[in-house]
There are 2 protein chains.
Amino acid sequence: MAAPPTTPETRERLIDAAVFLFWQNGYAATGVAEILARAKVNSGSFYHFFRSKEALLLAVLDWYVRGLKPFVMQPAFAQSPDPIERVFAVLAFYRQNLIKTGCTYGCPIGRLALEIPENRAEVHHLLAANFDGWTAAIETCLDAARDRLPPDLDRTSLSQFVLTVMEGGVMQSRAHRRIGPFDASVRHLRRYFELLTQSPHHARPVTPPRPIPRPGGPRKTTHRSLTQELL
Amino acid sequence: MAAPPTTPETRERLIDAAVFLFWQNGYAATGVAEILARAKVNSGSFYHFFRSKEALLLAVLDWYVRGLKPFVMQPAFAQSPDPIERVFAVLAFYRQNLIKTGCTYGCPIGRLALEIPENRAEVHHLLAANFDGWTAAIETCLDAARDRLPPDLDRTSLSQFVLTVMEGGVMQSRAHRRIGPFDASVRHLRRYFELLTQSPHHARPVTPPRPIPRPGGPRKTTHRSLTQELL
DNA sequence: GGCCATTGGTTGAACGATCAACTAACTCGC
DNA sequence: GCGAGTTAGTTGATCGTTCAACCAATGGCC
């Protein structure tokens, strides 16, 4: 995540500081005192706004949920009208973060998902919300490209797979301090997409049913109305 | 990782305890006192064997490096003679761990790779060694299946991709507390493998050069001698 | 307009618990 | 007697949180 604009409000400053420090150090290894120092806030003020350190974490995760569309997805989608290229533009966003940080970048949500004990249900609910928002955005791209993908393909699970590749790829590049593993993973994902779009299952059902009307309406008409829905 | 057999030696008990607790809680959130309690060791003994908490972590990571082949790869490989099925048997090992833990399992190496600051070079060196050992084992399977994969395929990067999918998939299932994301990722990986093995690039170079001897020897002969090397 | 009460926010120290690490004395086997 | 290993406590620092006092702005009342 790019750093958001800094606001002068105390609460916002605390969240900003925590966004950065939880990303950099993780949750357990970030002390409240460190957040206070970064935000230039005293501890009494902290507890005025947040019941606890964990309450701040919830605010941070909420911040990420809100920022997903404006900071991640929309800038990436703006780079291409092609829905599949949009998927890879999202992945390029993470590549950029890796490059900018000398391959020390780790996806903050992924990291917190691994770190926070599973009995912290409220936290995990928000972590899952972040992941679901991410995959839902990818799935809209896959839906827009549905005529290029095999009809038997479950696009929900494919969007999950894209997230899997992003998280796993970022983790590998961070571990190795090289961009190679991330790039390799993205290349394989791209090759998988290419193979899917060239899949014989795809070529078969699209071509024959066209001259024969179907109860659900012609496939091409369905495709057009779906495109209009997305715009 | 399955818990290894417990030994009565103090040093081993400490490592065992740390293996479990670093996996369960992560490094920063596991206190030395907790390790001591679990291992039934006093702190003086701890510092007799280990210079510091981090030195214990290094021993834990070394333990994982040593345990990779006997505890992970060999049991999985024993489940099938087919090299590609062996890859998926390895992934099934992680699935098993997810099922056993109600999807709270997280890959310990992946978790530590995200958690430990990148300036801890010695730790990251051993983390990378763990990952490299893993991908190297997968790559031996891919090499054994090379005649079924496209010749232009970089099997090193494909083994990296398998690791990416494993780490990302485990992370997703842990975050969602469901096996679905992991299973979906593995299904997509399997489909990718199927598409690769059916790839037209594969059918082309294998068939034509056979009746024409080559300076390097017939391809089939090369294949046989490689198989003997692997046994 | 002045005074007072209320409210939201702030300061900065203190609290009890936990942290990683250290230490002196001891025990046991050779 | 010596060395490896152990016991059981201590150390100074840090942890997340609490607390009493304070300040400024606002609104209501006289």
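Below, chain A is the first sequence line, B the second, and so on; all start at residue 1.
- Sequence neighbours left out, not one pair with a member in residues 41-52 of chain B passes side chain to side chain donor-acceptor pair (under 3.5 Å).
- Annotation: proximity of residues 116-126 of chain A to DNA chain D (heavy atom, distance under 4.0 Å) is found for no residue.
- Checked against side-chain hydrogen bond (donor to acceptor under 3.5 Å, both in side chains), A:Arg187 has no partners two or more places apart in sequence or in another chain.
- Going from atom NZ of A:Lys40 over to atom P of C:dT11 covers 12 Å, rounded to whole Å.
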Please table the atom pairs, donor to acceptor, closer than 3.5 Å between any side-chain atom in residues 19-27 of chain A and protein atoms at least two apart or in another chain.
residue, atom, partner, partner atom, Å
A:Trp23, NE1, A:Gly106, O, 3.1
A:Asn25, ND2, A:Glu34, OE2, 3.4
A:Tyr27, OH, A:Glu54, N, 3.3

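- Ring geometry for A:Tyr192 against B:His188 counts as perpendicular: the plane angle is over 60°, on a 0 to 90° scale with 30° as the lower cut.
- Residues forming a side-chain hydrogen bond (donor to acceptor under 3.5 Å, both in side chains) with B:Gln96 (at least two apart in sequence, or on another chain): none.
- Atom NE2 in A:His48 sits roughly 4 Å away from atom P in C:dG9 (whole-Å rounding).
- Looking at residues two or more places apart in sequence or on another chain, you find a side-chain hydrogen bond (donor to acceptor under 3.5 Å, both in side chains) between B:Glu139 and B:Thr156.
- The footprint of chain A on DNA chain D, defined by a heavy-atom cutoff below 4.0 Å, extends from D:dG16 to D:dC19.
- Evaluation of the side-chain contact (heavy atoms from CB on, under 4.5 Å) rule for A:Ala39 yields A:Arg13, A:Leu14, A:Ala17, A:Val41 as partners, not counting sequence neighbours.
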Enumerate, atom names and distances included, each donor-acceptor pair closer than 3.5 Å involving a side-chain atom of residues 174-186 of chain A, sequence neighbours excluded.
residue, atom, partner, partner atom, Å
A:Arg174, NE, B:Ala113, O, 3.1
A:Arg174, NH1, A:Thr104, O, 2.6
A:Arg174, NH2, B:Leu114, O, 3.1
A:Arg174, NH2, B:Ile116, O, 3.1
A:His176, ND1, A:Gln172, O, 3.1
A:His176, NE2, B:Asp132, OD1, 2.9
A:Arg177, NE, A:Gly102, O, 3.2
A:Asp183, OD1, A:Arg95, NE, 2.7
A:Asp183, OD2, A:Arg95, NE, 3.4
A:Asp183, OD2, A:Arg95, NH2, 2.9
A:Ser185, OG, A:Pro181, O, 3.0
A:Ser185, OG, B:Thr164, OG1, 2.8

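- Among residues two or more places apart in sequence or in another chain, the ring pair (Phe, Tyr, Trp, His ring centres under 6.0 Å) test is passed with A:Phe46 by A:Phe50.
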Nucleotide by nucleotide, 5' to 3', does protein get under 4.0 Å of the base (B), only the sugar-phosphate (S), or neither (-) in nucleotides 13-30 of chain C, counting heavy atoms?
B------SBBB-------
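- Not counting sequence neighbours, the partners of A:Arg190 by the side-chain hydrogen bond (donor to acceptor under 3.5 Å, both in side chains) test are A:Glu85.
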